[in-house]
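First up is the structure itself, then whatever we jot down about it.
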Amino acid sequence: PLIDVVLIVGLNPPRDDLRRVSAAAPDFDPEFHLDSLAAQRAALAFCEGMHPLLHVVERSCWASDFRRWLHAGGRRFPVPPEEDFYALLQGFLADWDALGLERDADIKEDRGRWWVSADGRIQGYYMTFKARAPREEDAAAYFELWDEYVGRRNEMLLPQAGRAWLVIPDAVEVLEFNALASTLQVVAVALVLLVGATALCCTCSAGIAAAVAMMLALALA
């Protein structure tokens, strides 16, 4: 199975559990400027520099597609200060039907992945990733690996690039599911042993008791 991982940039993280989406009003980082070279480079690095141990299998990142669109038009990425970043970004979003990038990202979906101020400046954005769900014994370490990865990236960023933080809506559910699965396995084993012991007492036959226990185990598998 796959889990969703969301990277948010330009907003200050909530004080509660970062793995759950906060319902509070967005707290924007005043130092974040997406039109800066540092912010554009950071967006691309977060999108394309994933550690292989994170097991990302799908991604939807505006920065990669924006760079491709700029290069197709003979322009540079990141957009230099002497050019109008927001005019180019609007052109990119308006031109998604002609991009031919359907296999890599859903551009229409990316149009809704921005927090925009009244004057049209982007105050924050998010990128989504799908990763393979970790095994039960690896779940806690896996989510810590995400935290460490984002933390190391943040340490290299300038203030205007914004600091990224994680939302993993499925993290708690994965941990709870693994805990429930372990509990059910213990209950199933106990049930098999109990039924086997009962059959042994009733029949005084170890063979019959073993057969009954085996049939129950196969039914629960």
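Side chains are part of it too, since the values below use all heavy atoms of this structure and drop only hydrogens, waters and symmetry mates. Worth saying up front: this structure is predicted, and the values here are computed from it rather than measured.
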Determine the minimum heavy-atom distance between [X] and [Y], stating which atoms define it.
X	Y	result
E58	V56	O-CG1, 3.4 Å
A139	P134	CA-CG, 3.7 Å
S36	H33	OG-O, 2.7 Å
C47	S64	SG-OG, 3.3 Å
L157	R153	CG-O, 3.3 Å
F28	P30	O-CD, 3.3 Å

Show your reasoning for whether side-chain contact (heavy atoms from CB on, under 4.5 Å) applies to W69 and D95. CA-CA 9 Å; W69 181 82; D95 203 24; 3.2 Å; yes
Please tell me if the side chains of [X] and [Y] come closer than 4.5 Å, counting only heavy atoms from C-beta onward.
X	Y	answer
H71	R76	no
L88	L70	yes
Q160	F32	no
L2	V57	yes
I168	F143	yes
E148	R152	yes
Q40	V79	yes
Y142	R135	no

Would you call the rings of [X] and [Y] parallel, tilted or perpendicular, taking 30° and 60° as the class edges?
X	Y	value
F66	F77	perpendicular
W62	Y125	perpendicular
F46	Y149	perpendicular

Are the side chain of D4 and the backbone N or O of K130 linked by a donor-acceptor pair below 3.5 Å? no
Does I122 offer a backbone N or O that forms a donor-acceptor pair with the side chain of Y86 under 3.5 Å?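 A pair under 3.5 Å: yes.
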Separation of L44 CG from M127 CE (nearest 0.5 Å): 9.0 Å
Atom CD of E144 and atom CG of D138: how far apart are they, to the nearest 0.5 Å? 11.5 Å
Just do the side-chain contact (heavy atoms from CB on, under 4.5 Å) check on D29 and L11 with the steps written out, would you? CA-CA 5 Å; D29 178 1; L11 283 71; over 6 Å; no
Contacts of R163 that satisfy side chain to side chain donor-acceptor pair (under 3.5 Å) - sequence neighbours left out: none
According to a 4.5 Å side-chain heavy-atom criterion applied to Ile, Leu, Val, Met, Phe, Trp and Tyr, with indirect links allowed, do L158 and L7 form part of one hydrophobic cluster? no
L89 and L37: same hydrophobic cluster, using ILVMFWY side-chain contacts below 4.5 Å?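 Not linked; separate clusters.
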State plainly whether the residues E48 and R68 are in salt-bridge range, i.e. N to O under 4.0 Å. no
Might you work through the side-chain contact (heavy atoms from CB on, under 4.5 Å) test for V6 and F129, ending with a clear yes or no? CA-CA 6 Å; V6 182; F129 306 87; over 6 Å; no
For D84, enumerate each residue passing the salt bridge (charged side-chain N to carboxylate O under 4.0 Å, His left out) test, keeping only those at least two apart in sequence or located in another chain.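 Salt bridge (charged side-chain N to carboxylate O under 4.0 Å, His left out) check on D84 returns nothing, list empty.
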Under the side-chain contact (heavy atoms from CB on, under 4.5 Å) rule, what do W146 and L53 come out as? Steps first, then yes or no, please. CA-CA 9 Å; W146 268 104; L53 292 180; over 6 Å; no
For atom CZ of R121, is the number of surrounding heavy atoms from other residues, nucleotides or ligands below 6.0 Å larger than 12? yes
